[in-house]
Amino acid sequence: MEEIYKETILTPLGVAKTTGFLDWDTQPSPFKHYPEFLFGYDFGKIEALKIIELSRSVTDAQQLGKKPYYRLNTPSAGNLHPTELYVQIRGVEGVLSGIYHIDAKDACLVLIEEIEKEGIEPYVGLRHRFKGMLFVVSMVPFRSEWKYGKRAWRYCYLDAGHQAGSVLAAASATGQNATILSDIDSEGLHTVLGFSDEEYPVVALGIGEESERGVVHLKKALMHVCPLDYSEGTRDASAYLLAPKISDAKGHRPEKIEEETILGRRSARRFGTEVLSKETADFVASLLQEVPEPLHAWQIWMHHPSRPDGIYRDGICVDRGEYAKLVCRMLVDQYFIAEASVVVILTTDAFGPGALLGAGIFVQRVYLEAAQKGLGVTGIGAYYDLKLQQFLGTDEAILYVAAIGAV
Ligand SMILES: Cc1cc2nc3c(=O)[nH]c(=O)nc-3n(C[C@H](O)[C@H](O)[C@H](O)COP(=O)(O)O)c2cc1C
């Protein structure tokens, strides 16, 4: 993993060499479409499916020049959305049991295959039929590699984490409980879901319960549909087939999320100069301390009266100082972040797909819980890794950064 970390770092020289003109007309399609002849359910028609549209939907559509520009309920590095979402539904009243693709752009669920005694359970570590919903998040690396090259490997897992976090949030908003299923057979799922080398399964989540009835493997793989309109190939397919190790920790789970928060989520593009109340600052600080293992959260508090400026770890100030400008420089000169109240830097000594996925899930929680307090958040994937490590005085790998403040 150390090798992948080194291969995917950003350095000032690397950024200078790769920053240039990007022809957005060549952006690969961010949406996968199954054939029109398949049966499906439109969003908004069946109450039991509400959780699905809250998990993945278009929440903003604009026209930029000749191209439509969509934003989803999940954030994504560069808004490229290298993820897809599938759900197996079994035993839900009024809904055909089967495996569905969630088509956010067309606001519907598309039934790929009906199921009965067979299902995806054996590929997600379950021995019996699961009554309810089994979600699978996949990633489509070329959508991100197209812009970010090798760095995309990290963004795919972070984005997949945000997507998994959205399922957890949708469960919270609809009064249900979702579990992260940590024991997935990535290769088996890759084959059986009909994926090819453009798409890889990442993580599964369950909402419902395992019954006592046995289940069998799917008889044949689902139809293959290319998730892209064109591809130049995936850089290193084997690097995307690594099954992430992730625990179903409490820290991943958002609390009491409202439907409007999910549908109204946006990344902050500027922060206000208004100072957070002590109560709000305490809320943010304790939320960030709930980060699950193997992640650690460093907090850089900036210009806040109830908290001396400086670096905090586990709630304790380990270094006092005004670091706003320096931090912005290390975040590839993103100076709008200087007005945020706190920058959180997630690190780990167990760098890999599981830690990145966990970081995405946690930051999705932070986006939504902070939004419910009227705060703005932006996930930050562009930073100089080694400079941040040096600044913090740590050998731990940098996973992800987020800025939080008034908007
Ligand atoms: C993994 C990841 C990395 C991101 N990195 C940055 C970043 O470095 N700077 C930034 O301003 N926004 C960043 N964002 C936010 C995206 O730009 C934003 O999600 C996207 O433009 C869509 O906008 P929305 O979040 O309002 O829907 C990142 C988001 C994710 C999920």
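Counting convention: from 1, in listed order, for ligands and their atoms alike. Just so it is clear, the structure is predicted and the values come from calculations on it, not from any experiment.
The nearest protein atom to atom 14 (N) of ligand 1, hydrogens excluded, is given as Gly379 O, 3.0 Å; this is a heavy-atom distance. Among protein heavy atoms, atom 25 (O) of ligand 1 sits closest to Ser267 OG, 2.5 Å. Annotation: atom 22 (C) of ligand 1 to nearest protein heavy atom, Asn79 OD1, 3.5 Å. Summary of contacts: the protein heavy atom closest to atom 23 (O) of ligand 1 is Arg71 CD, 3.6 Å. Of the protein's non-hydrogen atoms, the one nearest atom 24 (P) of ligand 1 is Arg265 NH2, 3.5 Å.
Taking every non-hydrogen atom of Leu158 and a distance limit under 4.0 Å, the qualifying atoms of ligand 1 come out as 1 (C). Near Gln334, with a cut-off below 4.0 Å to any heavy atom, the atoms of ligand 1 are 7 (C), 8 (O), 9 (N), 10 (C), 11 (O). Contact atoms of ligand 1 toward Pro75: 19 (O), 25 (O), 31 (C) (distance under 4.0 Å to a heavy atom of the residue). Atoms of ligand 1 lying under 4.0 Å from at least one heavy atom of His162, given by number and element, are 31 (C). When each atom of ligand 1 is checked for a heavy atom of Phe336 under 4.0 Å away, the hits are 11 (O). Close approach of ligand 1 to Gly381 is summarised as follows: ligand atoms under 4.0 Å from at least one heavy atom of the residue are 3 (C), 4 (C), 5 (N), 6 (C), 7 (C), 8 (O).
Checked by distance only, ligand 1 and Arg266 come closer than 3.5 Å through their nitrogen or oxygen atoms. Considering backbone and side-chain atoms alike, Thr378 places every N or O at 3.5 Å or more from each N or O of ligand 1.
The cationic atom of Lys373 (NZ for Lys, CZ for Arg) lies less than 6.0 Å from the six-membered ring centre of Phe283 and within 45° of the ring axis.
When non-hydrogen atoms are compared, ligand 1 lies under 4.0 Å from the backbone of Ile380 as well as from its side chain. By the criterion of a heavy-atom distance under 4.0 Å, the backbone of Ser76, and not its side chain, is placed next to ligand 1. Contact annotation for Asp159 and ligand 1: only side-chain heavy atoms (C-beta onward) come within less than 4.0 Å of the ligand. Of all the heavy atoms of Tyr383, none lies under 4.0 Å from any atom of ligand 1, so neither backbone nor side chain is involved.
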**Study point:** side-chain contact (heavy atoms from CB on, under 4.5 Å) evaluation trace for Ile99 with Ile115
**Key:** CA-CA 7 Å; Ile99 300 168; Ile115 54 161; 4.1 Å; yes

Exercise for review: Output, in order, the C-alpha distance, side-chain angles, deciding distance and verdict of side-chain contact (heavy atoms from CB on, under 4.5 Å) for Val110 and Phe39.
Suggested key: CA-CA 6 Å; Val110 179; Phe39 173 79; over 6 Å; no

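The nearest non-hydrogen atom to atom 30 (C) of ligand 1, considering only Tyr70, Tyr400, Tyr155, comes from Tyr400.
Partner of Glu121 under the side chain to side chain donor-acceptor pair (under 3.5 Å) criterion, out of His128, Gln88, His217: Gln88 alone.
Shown here is Gln372, whose CD atom has more than 12 heavy atoms of other residues, nucleotides or ligands within 6.0 Å. A 6.0 Å sphere centred on CD of Glu279 holds no more than 12 heavy atoms belonging to other residues, nucleotides or ligands.
Close to ligand 1: Arg269, with a non-hydrogen atom less than 4.0 angstrom away.
In this structure Arg129 satisfies the salt bridge (charged side-chain N to carboxylate O under 4.0 Å, His left out) test with no other residue, sequence neighbours excluded.
Asp60 and Arg265 are not joined by a salt bridge, as no carboxylate oxygen comes within less than 4.0 angstrom of a charged side-chain nitrogen. Look at Asp385 and Arg154 and you find a salt bridge, because one of the NZ, NE, NH1 or NH2 atoms lies within 4.0 Å of a carboxylate O, short of that distance.
Here the CZ-CG distance, from Phe142 to Leu80, works out to 11.0 Å after rounding to the nearest 0.5 Å.
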What donor-acceptor contacts under 3.5 angstrom involve side-chain atoms of residues 396-404, with partners at least two apart or in another chain?
unit_1, atom_1, unit_2, atom_2, d
Glu396, OE1, Arg313, NH1, 3.1
Glu396, OE1, Thr347, OG1, 2.6
Glu396, OE2, Arg313, NH2, 3.3
Tyr400, OH, His162, NE2, 2.8

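The heavy-atom pair separating Val167 from Ser55 by the smallest distance is CA-OG, 3.7 Å.
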